[in-house]
Protein chains: 2
Amino acid sequence: MELIKIAATMKDVAEYAGLSIATVSKYINGIKVKEENKKRIDEAIKALDFRVNEIARGLKTKKTTTVGVLIPSLENIFSTTIVSKVESILLKYGYSTIICDYRQNRELENEKFDFLINKQVDGIILVPYGINESKIIEALKEDIPVILIDRSIRGVDCDIVLADNLNAAYNAVEILITKGHRRIGIICGPQDIYTAQERLKGYIRIHEDYELEIDENLIKYGDYEIQSGITLMNEFLDQKNPPSAVFITNYEMTLGAIMALNSRNIKIPDEISIIGFDNIQLANVVKPKLSIVVQPMQQIGEFAANLLIKRMKGDDSGFPAMVRLKTEILEGESVAVINSYI
Amino acid sequence: MELIKIAATMKDVAEYAGLSIATVSKYINGIKVKEENKKRIDEAIKALDFRVNEIARGLKTKKTTTVGVLIPSLENIFSTTIVSKVESILLKYGYSTIICDYRQNRELENEKFDFLINKQVDGIILVPYGINESKIIEALKEDIPVILIDRSIRGVDCDIVLADNLNAAYNAVEILITKGHRRIGIICGPQDIYTAQERLKGYIRIHEDYELEIDENLIKYGDYEIQSGITLMNEFLDQKNPPSAVFITNYEMTLGAIMALNSRNIKIPDEISIIGFDNIQLANVVKPKLSIVVQPMQQIGEFAANLLIKRMKGDDSGFPAMVRLKTEILEGESVAVINSYI
DNA sequence: AACTCCACGTTAATCGTTTCACTTTTTATT
DNA sequence: AATAAAAAGTGAAACGATTAACGTGGAGTT
């Protein structure tokens, strides 16, 4: 005969210990209680295998100790690395993390944001794409802190943590320039995405600083997916005057670009130089080793999580915070030194 | 003056509509209500921007419409692909997904399992590693369905969804054999992991079926991490009589193995043939294109999610279910044809 | 001994739903 | 029109915690 064991409540504990529910509750919530009673309660808790019912608690306190993380995709290293870090930090504070993936789809992004709000999360970390800014404003107004990652949203005062994308691109392209490249292609992300704009700005600025002309034919816009990388790299290769080097501004498109080169049997860096983005593992497994821009993803996650904790504690100092973290360049062997200009 | 808008409750709706709370509740839960009242309630809901408080509901119903997913790592394609699929299916049914990552750490795995139970999830999907089986039994007894993925646990009757690892390995090694390889190395996972055992069994069985001897020196055990792949591949290469082909049984070790080969400048497949595991993107970006075993990760996620839904609805038919899905082999150019045996 | 404090306890209301056990209204039947 | 049966609506008690507001007993003071 299986008896389904029914979970003990605080009432049971109180009875077992011969005290009132209120006393037990207080003890559990860290309020002082007589030594003697402390013992009795502990004993009762152990004997009954009591655990507070978070739901009931949540109903009273209007807190769920749950936060939502909304990202473009679970199949993308940038997002998952951040999520992984965020989750581990939040867990330390007793929060659980609901992760939602919106598949690069604006509509889904909006829906899932609502879903999280509906689930009454205590806070949200969002890597935004096309969210309706009013939703964020609304959330903030309802006292649900939101931390943006990677992309700011026009017209919304909101904490944000991101990489210094402009300088990431600036530095990457500078490497190409100092190695002698003059016709440098860039495969950008969508024009309406902040991060993508910043990366392009970096490309443009370094050209200005070196007084190099910008050839519009060397700027191509993709959608951050593998296929874009393939298509756009092929377009470059088919140009009458192709670039000697290409800077690709995210991981998936870097993958695609390499696939395109491989399938045409083009040697890196002999025939074309490459700087990619974001995935150290990829960089090491490709031959020759790829030079890539590495975002401090762990750090981004760390800052975001800690900032969120702070906001959820009600500390609004420095709002809205903008944390901009430095990127790094990992040099491989995918960039050739050429002398055309000497 | 900012007025923080306080969410409307069912009571408010009832008052606005001039009905009782009970009626409103019933309507919301799909019980028939007079057409006229339907309208009034809808109107009230809209006017007050009412949304049910899931917490309060959960307190009464003892359901959270939340499920937990516990995986070894968020930085591993196998897990994230599954999670992504699971999440999207569950969401359709109104469930949210709490994702926990235990970093290949048994202790953390046990802790996070408890955490999920404590959060009162309605069900759990688990890719187990070293969990204490009593925890699962306990959960099942408390009527929280658990679906295992990829690895069964001795002594526990539990639904499980996995790939046919034995035949995956069998088929992969068979390809090597039919192409003339006779000294075939295998880089296995940890000996205490079910999946790893199965893959090794496949390797052994195909050898038996072709009446080939098994050389213990050709079997190496790793821990499913990149470094293992590097180390073990190097060990193979340093043997007096190295294998002509190596089958590597997970993604991370495949990465490592390729890094080892690259750093020693060994040509694939001219000097050694390779069959790897699990990552299609990787397979395409490496040169030459890698031959790999592909698990039907999406399908695994799909089956697991649907089975969980079924269990949560209280349908225990066919318990414990074992769903074993076929793998596929994606042939690249990393396997050489040799004629030693002709 | 009377009085004030202080530390610790307790009572009871409350959070926003669901649902049981009725009551009232509507419809169908004769 | 009367009545039974079916349908729709209601009041109030849960669910399991937190927390004001208040109660109590004993040490300290005079």
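Convention: sequence-line order gives letters A, B, ...; per-chain numbering from 1.
The pair Glu35(B)-Lys39(B) does not count as a salt bridge, with every side-chain nitrogen at least 4.0 angstrom from each carboxylate oxygen. The residues Lys112(B) and Glu87(A) are annotated as salt-bridged, a charged nitrogen and a carboxylate oxygen being separated by less than 4.0 angstrom. Under the 4.0 Å criterion applied to side-chain N and carboxylate O atoms, Asp192(B) and Arg106(B) are assigned as salt-bridge partners.
Glu15(B) has its CD atom 13 Å from the P atom of dG16(C), to the nearest Å. Atom CD in Glu35(B) sits about 16 Å away from atom C1' in dT26(C), given to the nearest Å. Rounded to whole Å, atom P of dG16(C) lies 13 Å from atom NZ of Lys63(A). Atom CD1 of Ile31(B) and atom P of dT10(D) are 14 Å apart (whole Å). The separation between Lys119(B) atom NZ and dG16(D) atom C1' is 16 Å, rounded to whole Å. Ile28(B) places its CD1 atom 13 Å from the P atom of dT19(C), with the value rounded to the nearest Å. Taking atom CD on Gln120(B) and atom P on dA17(D), their separation rounds to 9 Å, with Å as the unit. If you take OH of Tyr27(B) and P of dT18(C), they are 14 Å apart, rounded to a whole angstrom.
When heavy atoms are screened at a 4.0 angstrom cut-off, Thr9(A) is found touching the sugar-phosphate backbone but no base atom. Looking at heavy-atom distances under 4.0 Å, Phe50(A) makes contact with sugar-phosphate atoms alone, never a base. Nucleic acid contact class of Ile21(B) (heavy atoms, under 4.0 Å, all strands): base.
Side-chain contact annotation: Thr81(A) with Ser84(A), donor-acceptor N/O pair under 3.5 Å absent.
Applying the 3.5 Å distance criterion, the base of dA14(D) shares a donor-acceptor pair with the side chain of Lys60(B). One can find a donor-acceptor pair under 3.5 Å joining the base of dT10(C) and the side-chain atoms of Lys26(A).
Side-chain nitrogen and oxygen atoms of Ser25(B) include none within less than 4.0 Å of the OP1 or OP2 phosphate oxygen of dT17(C). Contact between the side-chain N/O atoms of Ser20(A) and the OP1/OP2 oxygens of dT10(C) is found at a separation under 4.0 Å. For the pair Thr61(A) and dT18(D), the criterion of a side-chain N or O lying under 4.0 Å from OP1 or OP2 is not met. Side-chain nitrogen and oxygen atoms of Asn53(B) include none within less than 4.0 Å of the OP1 or OP2 phosphate oxygen of dC15(C).
Along DNA chain D, the nucleotide closest to Ala56(B) and the one closest to Ala22(B) are compared, and the more 5′ of them pairs with Ala22(B). Two residues, Lys34(B) and Leu59(B), neighbour DNA chain D, and the one matched to the more 5' nucleotide by heavy-atom proximity is Lys34(B).
Side-chain atoms of Met10(A) lie closest to dT18(D) of the nucleotides dT18(D), dT17(C), dG9(C).
Within 6.0 Å of atom OH in Tyr93(B), 12 or fewer heavy atoms from other residues, nucleotides or ligands are found, so the atom counts as exposed in its surroundings.
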